[in-house]
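Single-structure report; data block below.
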Amino acid sequence: MEWFLSTEDWYKLVFNEGYAAGRVAFALIIFAMLIEVIAYRMQKKVYPWEEAGVSLALMSGHLLAGAAVHGIIFGIIAFGVYHYRLFTITVDMNHWYMGVLLFVLCDFAYYVMHRASHSVNLLWGSHAVHHSAQRMIVLASIRLTWTPLISGVFLFYLPIVWLGFTPQWVFGMVSASLAYQFAVHTELVPRLGWLDYIFDTPSNHRVHHGTNDIYINKNFGGILMIWDHIFGTYQAELPDNKAQFGLVPALPRPSNVFDIAFGQYRRIAMGLINATSWKSRLNVFFGPPQ
């Protein structure tokens, strides 16, 4: 079919570009970890090495899973949608305002995707991997799913591709957002005043990961907090209510990477086995996390 990427372009997208970006990302991850380790030591705090090791192991599995399906998501699905686009939208120095529009659209799509991932049990099965961290260190940001196709994350950005932005620009903007979010996973940075009201900051993201009743399902924004303010999901970090992290209910083996990667799907499978009607089976998939 003509809208598929050519074999050469597919190879470049999956291997050349992905490998180069991966090397840069890995270097930044290790650098950030070393800085945080030094900061912990300067503050005479014990760095959670076990948590860090689990995060690195989960990231390794994510990279392998991503390599296996990258061509399907981008080479077939995304470029297939782009073939039937409504418009052809150019993003460059002469059309910088389209870049701003793309940023806003992707940030909103991230909010919708992120909120859905906390509301739909099937999507939560993948996203729960990220929330398994029991300490907020920068490496908690790389706890990512081993089931990228089931996670459905890419689906929320396809309307932007259909509108007319190229998949490279759309998912490049998404990658930039995720790179920004790498920096908000930390307990070392305090509240930042008015910046917390506008941007996703470490304080806001600690709230998002918090299992405290007042913090659950709050602060879904990727870079901007505007969507949380509009839709009533914003919650400031409270000085007298320190966020507790992890999953509820807690995993029986919180340091076992396979329990983390597939634990929620095992719960879904058990829910299907125990379901007594088609309505309850559908609720296992599309109802709230259980």
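Keep in mind that this is a model prediction, so the values were computed, not measured. One-based numbering along the sequence shown.
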With no hydrogens and no angle check, is any side-chain donor or acceptor of [X] less than 3.5 Å from a backbone partner on [Y]?
X	Y	result
His208	Lys218	yes
Asn204	Asp196	yes
Asn219	His205	no
His229	Tyr197	yes
Asn274	Met270	yes
Ser126	Leu123	no

What pairs meet the ring-ring contact (aromatic ring centres under 6.0 Å, His included) rule with one or both residues in residues 263-290, with sequence neighbours excluded?
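Of all non-adjacent pairs touching residues 263-290, none passes ring-ring contact (aromatic ring centres under 6.0 Å, His included).
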Given the rule in the side-chain contact (heavy atoms from CB on, under 4.5 Å) test, do Ile150 and Leu122 qualify, once you have shown the distances and angles that lead to the verdict?
CA-CA 8 Å; Ile150 302 176; Leu122 183 63; 4.1 Å; yes
Under a 4.5 Å cut-off applied to non-hydrogen side-chain atoms, are Glu36 and Leu188 in contact?
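Glu36 reaches Leu188 side chain to side chain.
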Please go through Ile214's hydrophobic cluster and name the other residues, only I, L, V, M, F, W, Y counting, with side-chain heavy atoms under 4.5 Å joining them.
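Its cluster partners, ordered by chain and number, are Val207, Tyr215, Leu238.
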Report the hydrophobic cluster partners of Tyr234, with the cluster defined as I, L, V, M, F, W, Y residues connected by side-chain heavy atoms closer than 4.5 angstrom, directly or transitively.
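Members alongside Tyr234: Met225.
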Kindly say whether the aromatic ring centers of Phe87 and Trp162 come within a distance under 6.0 Å.
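No: the rings miss the under 6.0 Å criterion.
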Pair His185 + His130: ring centers closer than 6.0 Å:
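Yes, ring centres under 6.0 Å apart.
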Gln181: side-chain hydrogen bond (donor to acceptor under 3.5 Å, both in side chains) partners, not counting sequence neighbours
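By the side-chain hydrogen bond (donor to acceptor under 3.5 Å, both in side chains) rule, Gln181 matches Tyr110, Ser177.
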Please enumerate all residues that pass side-chain hydrogen bond (donor to acceptor under 3.5 Å, both in side chains) together with Ser151, with sequence neighbours excluded.
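Checked Ser151 against side-chain hydrogen bond (donor to acceptor under 3.5 Å, both in side chains); zero matches.
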For Gln244 and Thr211, which I'm curious about, is there any donor-acceptor pair between the side chains at under 3.5 Å?
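No pair is found: no donor N or O on one side chain lies under 3.5 Å from an acceptor on the other.
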May I ask you to decide if the ring planes of His131 and His118 are parallel, tilted or perpendicular, using 30° and 60° as cut-offs?
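Judged by the thresholds at 30° and 60°, the geometry between His131 and His118 is perpendicular.
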Using the ring of each side chain (for Trp, its six-membered ring), is Tyr82 parallel, tilted or perpendicular to Phe79, with breaks at 30° and 60°?
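Perpendicular: the ring planes of Tyr82 and Phe79 meet at over 60°.
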Surrounding CG of Asp92 (heavy atoms of other residues, nucleotides or ligands, distance under 6.0 Å), is the total greater than 12?
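Result for CG/Asp92: enclosed.
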Answer yes or no: does atom OH of Tyr180 have more than 12 heavy-atom neighbours from other residues, nucleotides or ligands under 6.0 Å?
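Above 12, so yes.
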Evaluate the side-chain contact (heavy atoms from CB on, under 4.5 Å) criterion for residues Asn256 and Leu251: first the C-alpha distance (whole Å), next the side-chain angles of each, then the deciding distance (0.1 Å), finally the verdict.
CA-CA 9 Å; Asn256 185 293; Leu251 292 172; over 6 Å; no
I need the full list of salt bridge (charged side-chain N to carboxylate O under 4.0 Å, His left out) pairs touching residues 244-266, with sequence neighbours left out, sorted by first then second residue.
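Sorted result for residues 244-266: Arg253-Asp259, Asp259-Arg266.
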I need the single residue from Ile160, Leu102, Asp107, Leu178 that forms a side-chain contact (heavy atoms from CB on, under 4.5 Å) with Met173. Which is it?
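Among Ile160, Leu102, Asp107, Leu178, the one meeting side-chain contact (heavy atoms from CB on, under 4.5 Å) with Met173 is Leu102.
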Under-4.0 Å salt bridge between Arg135 and Glu51:
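No, no charged N to carboxylate O under 4.0 Å.
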Hey, mind stepping through Arg85 and Phe165 against side-chain contact (heavy atoms from CB on, under 4.5 Å) and telling me if it holds?
CA-CA 8 Å; Arg85 62 193 178 275; Phe165 290 96; over 6 Å; no
